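Keep in mind that what you see is a predicted model, and the values were worked out from it rather than measured. Side-chain atoms are counted along with the backbone in the values below, which use heavy atoms only and exclude waters and symmetry mates. All chains are named by letter (A, B, ...) in the order of the sequence lines, taking the proteins before the strands, and each is independently numbered beginning at 1.
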There are 2 protein chains.
Amino acid sequence: MWLEGWKRNQYTFRNLVSTEGLPGKGAAMTDKTAWIEEDAEGRRHARDACAEPCAIERGMRIVGGKWTGSILWHLKDGPVRFNDLARMIGGASKKMITERLRQLEDRGLVKREVLDTSPVSVTYEITDLGRTALGFLDGLRQWSESLPRDLHVD
Amino acid sequence: MWLEGWKRNQYTFRNLVSTEGLPGKGAAMTDKTAWIEEDAEGRRHARDACAEPCAIERGMRIVGGKWTGSILWHLKDGPVRFNDLARMIGGASKKMITERLRQLEDRGLVKREVLDTSPVSVTYEITDLGRTALGFLDGLRQWSESLPRDLHVD
DNA sequence: CGGCATCCACACGGATACTG
DNA sequence: CAGTATCCGTGTGGATGCCG
């Protein structure tokens, strides 16, 4: 269960407490919007709170890492060799590219293939699973381009 | 121009060099897919490389921060008070919530409003600009939920 | 070419305490 | 209630060098 390993802090704990003994407790892993209820004593409780982390957060941690989205995006048209990928993604160091590629590979979004040429060449290809992410990545791209040019980032 | 302030490394520099003197140089801020060309001497150059960072990367740095997407998402149904937001987003500390909210406010995606009640209450509301992000955030959510449950995150 | 190893600064983010 | 302030460990990520 993917909830395991996520740290819980005061709020999480509160939520857990507040859902204790309630119908449906612990099963609220859906992503319905949370809301707040007030009980007879005026205490406020969260209902259907984001099951730490909710789908949005979970998704962001998979493709939201630095350079991760860019890498995936640049693989959409076919296999790309390592150094070419590095050339395409200006600003990212080889170390970063490597790390993110390994991560994407571990999660099955990207496939690594070594061709026995000399010198050796390695290509990275987006998998079918990885391809399912391209949809909203394109949404993100369009949104990003629609933003005011002078919006400062960093 | 939002390119200012972004660090450029070896790859970026190479890209800049390789486009020197070419038609359209410096104007390639679109997000067409980059490709690699090989010249007569066998040297490889990037064409239309991601103008560091490309739209994907830029977008990610606006809404891809830890908890940022979740916060925005939980504001979609109307104004929410600070502590309620904290209750909804299990796992995030008040410090994080505050920081991300300030950032979202600076970028005009969220509006902060102080009501003069006692004790004081503050609500956060998504702006029209912020609302434009909800589309692909929902895409992200759907994608995330479609993923294998056992995909390990972190 | 496609990395990995190492070093290191600094930003991120959690915990805790305090405040108007 | 809605934060701010402070401390401080840890992770992230850049720079550099080396290798088969």
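At a non-hydrogen distance threshold of 4.0 Å, A/Arg112, A/Pro119, A/Val120, A/Ser121 from residues 108-121 of chain A come into contact with DNA chain C.
Checking the phosphate oxygens (OP1, OP2) of C/dG2, no side-chain nitrogen or oxygen of A/Arg102 falls inside 4.0 Å. Look at A/Arg81 and you won't find any side-chain N or O under 4.0 angstrom from OP1 or OP2 of C/dC1.
Straight-line distance from the CG atom of A/Leu101 to the P atom of C/dG3: 8 Å, rounded to whole Å. Across the protein-nucleic acid pair, A/Met88 atom CE and C/dG2 atom C1' stand 16 Å apart, rounded to whole Å. A straight line from CD1 of B/Ile97 to P of C/dG14 spans 10 Å, rounded to a whole angstrom. Per the geometry, CZ belonging to B/Phe82 stands 11 Å off P belonging to D/dC1, to the nearest Å.
In this structure A/Glu125 satisfies the side-chain hydrogen bond (donor to acceptor under 3.5 Å, both in side chains) test with no other residue, sequence neighbours excluded. Qualifying side-chain hydrogen bond (donor to acceptor under 3.5 Å, both in side chains) partners for A/Gln103, counting only residues two or more places apart in sequence or in other chains: none. Every ring pair (Phe, Tyr, Trp, His ring centres under 6.0 Å) that B/Phe136 has, sequence neighbours left out, goes to A/Trp143. B/Thr98 is linked by a side-chain hydrogen bond (donor to acceptor under 3.5 Å, both in side chains) to nothing, counting only residues two or more places apart in sequence or in another chain. Looking at residues two or more places apart in sequence or on another chain, you find a side-chain hydrogen bond (donor to acceptor under 3.5 Å, both in side chains) between A/Ser121 and A/Thr117.
Note on the helix from C/dC1-D/dG20 to C/dG20-D/dC1: angle between the axes of the first and last five pairs equals 50°, rounded to 10 degrees.
Using a 4.5 Å heavy-atom threshold, the side chains of B/Thr127 and B/Arg131 count as separate.
Legend: ring pair (Phe, Tyr, Trp, His ring centres under 6.0 Å) pairs involving residues 109-135 of chain B, not counting sequence neighbours: none detected. For residues 103-116 of chain B, every residue pair satisfying the salt bridge (charged side-chain N to carboxylate O under 4.0 Å, His left out) rule, not counting sequence neighbours, is listed here: B/Arg102-B/Glu105.
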Restricting to nitrogen or oxygen on both sides, can you table the protein-nucleotides 8-13 of chain D pairs closer than 3.5 Å?
| residue | atom | partner | partner atom | Å |
| --- | --- | --- | --- | --- |
| D/dG13 | N7 | A/Lys95 | NZ | 3.0 |

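The shortest non-hydrogen separation linking B/Trp67 to B/Gly91 is CZ2-O, 3.5 Å. Of all heavy-atom pairs between B/Ala55 and A/Glu145, the closest is CB-CG, 3.7 Å.
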